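Beneath this line is the structure, given in structure tokens, with notes to follow.
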Amino acid sequence: MTALRHSYSCGCFYTDNIFIQEFHVHVRYTGELQFRRDYERLLSSRGCRTSEQFRNVLEMIKMEVERRRKLGEESLHRRTEISLHYKPLYPEVYLLQESFLAAEFLAAVRYSKSPQANIEGLLHHLHSIPGNGHIPDKRIYRLPVFIPEFCAKLVEELENFERSDLPKGRPNTMNNYGILLNELGFVDELTAPLCEKYIQPLTSLLYPDWGGGCLDSHRAFVVKYALQEDLDLSCHYDNAEVTLNISLGKEFIDGNLYFSDMKEVPVNERTYVEVEHVTGQGILHRGQHVHGALPITSGERWNLILWMRASHVRNKCCPMCDREPVLVKTLGDGDGFTSVGEEREQMVDVCTLT
């Protein structure tokens, strides 16, 4: 996944998919009249019944829109502050080494790179999560990724950073606790080589129809669940073509992931399957697969999330608004979109070399 020359988001990033946690609903906001027309009745049915409650929701949404507009600038500021003043507890965890990776994962990658590799053979190296109902195969796969010792060290490093008084960006409006790994310096030598050298050979076989062989950028972050903090995660889909969710520990009870169907399947036709977290193991799935996390009942759960993106897929249709993207140049990392000229370059750099 070579670095994109410029950073772009779709214009919908500033208006769509805003999560109102109190009422567990995602909304779109282009102005107060539009918002009242589209959501006043829905919010009332979910408990937002007084004018004061509605005003509070509007204020929260306006603040979120403004936060998103300043996101790139503020992220770059945090990244600079952290690079200048943070002293890592374990510097070695910032640089990917094969000794961090599980033997089963390495075997699956070696097979995927072999001349005879095909999807049927790869599935012998993975655990395919069985579906139910009308879709027996949900194309969700579990596989060991990291050894437990690396997971423990990584969590300790993240906890050390959390204890510092340095500025911290949070992953999104649904996760109040977690860390953006690009701001802490993990991307260039840990998550980028992990995606490029190890995960993409797998996704090229598992998800060729979702750009699995042409993933050219990613977003990496860690989420944390604990009592008195975030307990669960509401149903959603990701701003990604392919997602890898790796359990890092620590000790916890419950908090399983649950998957339904792709987002275009009507709600009343969806079927659900639960997937248990196992430390060091990852769950690989399509980003547009609707999913969530059940509440933990004790302990702490940390997960590393990789949203992997293919510009040649999302340049045609934004996965968040389902429209041709209106590109907006941004500071920072953007959301994996490219201009026309850059897309041609990326296709040559990535797709023809896999």
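Each residue takes its place number in the sequence, starting with 1. Small disclaimer: the values here were computed from a predicted structure and weren't measured.
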Against the six-membered ring of Y14, is R69 placed for a cation-pi contact (under 6.0 Å from the centre, within 45° of the normal)?
yes
Co-membership, hydrophobic cluster, residues L248 and L101, 4.5 Å side-chain:
yes
Measure the OG-CD1 distance between S99 and I147 for me, rounded to the nearest 0.5 Å.
6.0 Å
Are there over 12 heavy-atom neighbours, none belonging to K113, within less than 6.0 Å of that residue's NZ?
yes
Salt-bridge criterion met for K62 and E66 (N-O under 4.0 Å):
no
F100-F150 aromatic ring centre distance below 6.0 Å
yes
Kindly confirm or rule out a cation-pi arrangement of K168 over F161, judged by NZ or CZ under 6.0 Å from the six-membered ring centre and within 45° of its axis?
yes
Determine, stepwise, if the pair R323 / D16 fulfils salt bridge (Lys or Arg N to Asp or Glu O under 4.0 Å).
CA-CA 12 Å; R323 299 186 292 269; D16 291 23; 3.6 Å; yes
Shared hydrophobic cluster, L306 / V278 (ILVMFWY, side-chain heavy atoms < 4.5 Å)
no
Does R309 come within less than 4.0 Å of E241, counting only side-chain N to carboxylate O?
no
Taking atom types as modelled, find out whether Y29 and Q34 have a side-chain donor-acceptor pair closer than 3.5 angstrom.
no
Validation row, ring centre Y94 to ring centre F186 under 6.0 Å:
yes
Testing the 3.5 Å rule here: is there a donor-acceptor pair between the side chains of R301 and N303?
yes
Above 12 or not: heavy atoms from other molecules or residues under 6.0 Å from CD of E251?
no
Determine whether the side chains of E81 and Y86 contain a donor N or O and an acceptor N or O closer than 3.5 Å.
no
I would like to know whether D333 and R219 meet salt bridge (Lys or Arg N to Asp or Glu O under 4.0 Å); could you show each step before the answer?
CA-CA 8 Å; D333 296 326; R219 176 178 171 86; over 6 Å; no
Which of parallel (below 30°), tilted (30 to 60°) and perpendicular (above 60°) describes Y258 and Y272?
tilted
For ring pair (Phe, Tyr, Trp, His ring centres under 6.0 Å), just list the numbers for F221 and W307, CA-CA rounded to whole Å, side-chain angles, deciding distance to a tenth of an Å, and then say yes or no.
CA-CA 9 Å; F221 56 94; W307 284 357; 5.1 Å; yes
Walk me through whether K316 and E324 qualify under salt bridge (Lys or Arg N to Asp or Glu O under 4.0 Å).
CA-CA 6 Å; K316 298 169 187 170; E324 183 177 348; over 6 Å; no
For E274 and N256, which I'm curious about, is there any donor-acceptor pair between the side chains at under 3.5 Å?
yes
Please examine the side chains of K224 and I179, heavy atoms only from C-beta on, and report whether any two atoms are closer than 4.5 Å.
no
Could E162 and R170 be called an ion pair, given the rule that one side-chain N must be under 4.0 Å from one carboxylate O?
yes
To the closest 0.5 Å, what do you measure between CD1 (I283) and CD1 (I129)?
5.5 Å
Ion pair check, K263 and D322, cut-off under 4.0 Å
yes
Does the structure place the NZ or CZ of R28 under 6.0 Å from the centre of the six-membered ring of F35, at an angle of no more than 45° from the ring's axis?
no
Using the side-chain contact (heavy atoms from CB on, under 4.5 Å) definition, which of the options E59, R49, R36 pairs with F54?
R36
Plane angle bin for H277 and F252 - parallel if under 30°, tilted between 30 and 60°, otherwise perpendicular:
perpendicular
Can you tell me if H291 and H236 form a side-chain donor-acceptor pair at under 3.5 Å?
yes
Consider only side-chain heavy atoms of I, L, V, M, F, W and Y, link residues closer than 4.5 Å, and tell whether V109 and I119 are in one cluster.
yes
Looking at CG of D254 and CG of D232, how far apart are the two atoms once the value is rounded to the nearest 0.5 Å?
11.5 Å
Supply the atom-to-atom distance L205 CG to L123 CG, rounded to the nearest 0.5 angstrom.
9.0 Å
Do the non-hydrogen side-chain atoms of Q288 and D238 ever get within less than 4.5 Å of each other?
no
For the atom pair CZ (R67) and CD (E74), what is the distance rounded to the nearest 0.5 Å?
8.5 Å
Mind running salt bridge (Lys or Arg N to Asp or Glu O under 4.0 Å) on K153 and E157 for me, showing each step along the way?
CA-CA 6 Å; K153 267 194 171 182; E157 178 65 42; over 6 Å; no
For the hydrophobic clusters of this structure (ILVMFWY residues joined by side-chain heavy atoms under 4.5 Å, transitively), does one cluster hold both L180 and F13?
no
Report yes or no: is the cationic atom of R46 (NZ for Lys, CZ for Arg) under 6.0 Å from the centre of the six-membered ring of F23, at an angle within 45° of the ring normal?
no
What do you reckon, is CD of Q116 surrounded by more than 12 foreign heavy atoms closer than 6.0 Å?
yes
Measure the CD-CZ distance between Q21 and F19 for me, rounded to the nearest 0.5 Å.
5.0 Å
Honestly curious: do V187 and Y90 fall in one hydrophobic cluster under the side-chain, below-4.5 Å linking rule?
no
